[in-house]
Chemist: 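Questions regarding the structure given below will be posed in turn.
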Number of protein chains: 2
Amino acid sequence: MLPIGLLAKQSGVKIPTIRYYESIGLLPEPVRSDGNRRLYPPDAVRRLRFIRHARELGFEIDAIRELSRLAEHPAEPCCEADRLARERLAVIEDKIARLAAQREELVRMIGDCTHGQVAECGVIDVLDDHAKCLHKEH
Amino acid sequence: MLPIGLLAKQSGVKIPTIRYYESIGLLPEPVRSDGNRRLYPPDAVRRLRFIRHARELGFEIDAIRELSRLAEHPAEPCCEADRLARERLAVIEDKIARLAAQREELVRMIGDCTHGQVAECGVIDVLDDHAKCLHKEH
DNA sequence: CCTTGCTTCTCCAGTCGCTAGAGATAGTAG
DNA sequence: CTACTATCTCTAGCGACTGGAGAAGCAAGG
């Protein structure tokens, strides 16, 4: 059985975050030692790594709730996992598209900067007048 | 002089957001009517559009504080505006890179899904074992 | 036995940029 | 005068943590 500090080290999830996950019910409450310290079974490391990995891929907590439930039930059909992954992919592609548009705009603004006074600055100028944008909507 | 609802319509910024901007000092406190309603001068529309535009490009409030200060002082050198824009650009490129890595990983996971049981699901499988990832760090 | 220093405990507040709601008042049209 | 709309203030909530205060447990050294 591991204390929380060791679990944090082995899973790569910080101690307060582990406690937070417990508080929102993403992790089950572990048993406690005589002195009220949390004690985790060895496979808690795997569970937490799973969660961390899913977070790194940007899955939201509620999605991870479902994903880790599925991971504990290998016999269930995986269509739900597939759906969640596709959903996440769609969100990512949307974000990338938005960021790419922002980047394009910013590059142009920066290129228009004369490095002189604000009055001639492409950056301030474009911000001041949306009509000078490439995209009507960002 | 415009009431807040009209300002909201003309600037594209919602009423509660306008009040929020005022509360954090991003917008100056407007004069009030006899009945305590906010009344804005016509150029408040331009100021708010500027802010909205900067937000659409992802600038943080503190950066916008500085940018709108600069916009009101055309004679100042614009190097600060330039710096803020470059900083924002760097953040965007970093985000895009991260998201692209996530996307790549997700596409691969989804491709590995057998559409059968969780036990053979690429999605759950990869989440479960970080070693199956393309990138050590996301 | 006592101290030192590390880990862990609980609880609460803060982050960012809004957004939503409650309940009260002002202004306008009929 | 009555509806109805617009606006007012204040408070709390979102998501996913993160940090701090202050107390208590625990192992090792003297």
Side-chain angles (χ1 to χ4, degrees), chain A residues 1-27 29-40 44 48 50-68 84 87-88 91-92 95 98-99 102 138, chain B residues 1-27 29-40 44 48 50-68 84 87-88 91-92 95 98-99 102 138:
Chain A
M1 297 297 247
L2 321 162
I4 197 168
L6 219 51
L7 176 61
K9 253 189 206 105
Q10 293 185 16
S11 65
V13 178
K14 291 184 201 153
I15 292 174
T17 305
I18 295 174
R19 289 199 278 244
Y20 168 70
Y21 286 161
E22 182 186 325
S23 79
I24 60 168
L26 181 56
L27 283 180
E29 294 185 19
V31 297
R32 299 287 184 127
S33 75
D34 290 351
N36 199 34
R37 305 310 175 69
R38 289 171 178 83
L39 287 180
Y40 295 90
L48 258 183
F50 181 98
I51 292 170
R52 186 179 65 129
H53 196 178
R55 285 295 300 137
E56 284 167 353
L57 289 176
F59 284 100
E60 293 176 4
I61 298 288
D62 276 351
I64 298 176
R65 245 182 253 277
E66 179 64 8
L67 287 171
S68 55
L84 288 167
E87 207 172 280
R88 174 68 196 145
V91 171
I92 287 178
K95 283 193 180 177
R98 279 169 206 278
L99 287 168
Q102 290 182 9
H138 292 285
Chain B
M1 295 298 247
L2 322 162
I4 197 168
L6 219 51
L7 176 60
K9 252 189 207 107
Q10 294 186 15
S11 65
V13 178
K14 290 183 201 152
I15 292 175
T17 305
I18 295 174
R19 288 199 279 246
Y20 167 71
Y21 287 161
E22 182 187 327
S23 80
I24 60 168
L26 181 56
L27 283 180
E29 293 185 20
V31 297
R32 300 287 183 126
S33 73
D34 289 350
N36 198 34
R37 305 317 179 62
R38 291 172 178 81
L39 288 179
Y40 296 90
L48 258 183
F50 181 97
I51 291 170
R52 186 178 64 127
H53 195 176
R55 284 294 302 138
E56 283 167 352
L57 288 175
F59 285 99
E60 292 177 6
I61 298 286
D62 276 351
I64 297 176
R65 246 183 253 278
E66 180 64 8
L67 288 171
S68 54
L84 287 167
E87 207 172 279
R88 174 67 197 145
V91 170
I92 286 178
K95 282 192 180 178
R98 279 170 206 278
L99 286 168
Q102 290 182 10
H138 292 286

Chemist: Could you measure the distance from the CD atom of B/E66 to the OG atom of B/S68? Nearest 0.5 Å is fine.
Modeler: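 Here the interatomic distance stands at 8.5 Å.
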Chemist: Report yes if the side chains of B/L67 and B/F50 come closer than 4.5 Å at any heavy-atom pair, otherwise no.
Modeler: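 In short, these two side chains touch, coming nearer than 4.5 Å.
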Chemist: To the nearest angstrom, how far is B/K9 atom NZ from D/dT5 atom C1'?
Modeler: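 Rounded to whole Å, this separation is 11 Å.
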Chemist: What residues from residues 31-38 of chain A pass a heavy-atom cutoff of under 4.0 Å to DNA chain C?
Modeler: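 Under 4.0 Å from DNA chain C: A/R32, A/N36, A/R37, A/R38.
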Chemist: Could you state the atom-to-atom distance from CG of A/L2 to P of C/dT7 in whole Å?
Modeler: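 Answer to the nearest Å: 15 Å.
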Chemist: Write down the distance between CE (A/M1) and P (C/dT8), rounded to a whole number of angstrom.
Modeler: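 After rounding, the gap between these two atoms is 15 Å.
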Chemist: May I have the distance from B/I24 (atom CD1) to C/dT15 (atom P), rounded to whole angstrom?
Modeler: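 Checked: the CD1 to P distance equals 12 Å.
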Chemist: Provide, to the nearest angstrom, the distance between the CD atom belonging to A/E22 and the C1' atom belonging to D/dT18.
Modeler: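 These atoms are roughly 17 Å apart.
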Chemist: With a 4.5 Å cut-off on side-chain heavy atoms, are A/Y20 and A/L26 touching?
Modeler: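 The answer is no, as the side chains (C-beta and beyond) never meet within the 4.5 Å cut-off.
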Chemist: Take atom CD1 of A/I15 and atom P of D/dA16, then tell me their distance rounded to the nearest Å.
Modeler: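 One finds 22 Å between P of D/dA16 and CD1 of A/I15, rounded.
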Chemist: For A/Q10, does the CD atom have more than 12 heavy-atom neighbours from other residues, nucleotides or ligands under 6.0 Å away?
Modeler: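 Enclosed.
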Chemist: If you pin A/D62 and B/I4 to their nearest nucleotides in DNA chain D, which one's is more 5'?
Modeler: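 Final value for this comparison: B/I4.
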Chemist: Check the distance between D/dA16's P and A/R65's CZ and give it to me in whole angstrom.
Modeler: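 The distance from CZ of A/R65 to P of D/dA16 comes to 9 Å, rounded to the nearest Å.
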Chemist: Can you tell me how far the CG atom of A/L99 sits from the CG atom of B/L57, to the nearest 0.5 Å?
Modeler: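 Rounded to the nearest 0.5 Å, the CG-CG separation comes to 11.0 Å.
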Chemist: Do the side-chain N or O atoms of B/Y21 get closer than 4.0 angstrom to the phosphate oxygens (OP1, OP2) of C/dC18?
Modeler: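 Yes.
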Chemist: Ignoring backbone atoms, test whether A/K14 places a side-chain nitrogen or oxygen under 4.0 Å from the OP1 or OP2 oxygen of D/dC17.
Modeler: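 A/K14 to D/dC17 OP1/OP2: no side-chain N or O under 4.0 Å.
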Chemist: Please answer whether the main-chain N or O of A/P3 pairs with a side-chain N or O of A/R37 as donor and acceptor at a distance below 3.5 Å.
Modeler: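 Between the backbone of A/P3 and the side chain of A/R37 there is no qualifying donor-acceptor contact (under 3.5 Å).
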Chemist: Kindly say if B/R19 contacts the phosphate of C/dC18, meaning a side-chain N or O under 4.0 Å from OP1 or OP2.
Modeler: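 The answer is no; no side-chain N or O of B/R19 sits under 4.0 Å from OP1 or OP2.
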Chemist: Taking CD in A/E22 as the centre, count heavy atoms belonging to other residues, nucleotides or ligands within less than 6.0 Å. Is the count above 12?
Modeler: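 For A/E22, atom CD is crowded (more than 12 foreign heavy atoms under 6.0 Å).
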Chemist: Rounding to an integer number of Å, can you tell me how far B/I18 CD1 sits from D/dC8 C1'?
Modeler: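 In whole Å, D/dC8 C1' and B/I18 CD1 are 14 Å from each other.
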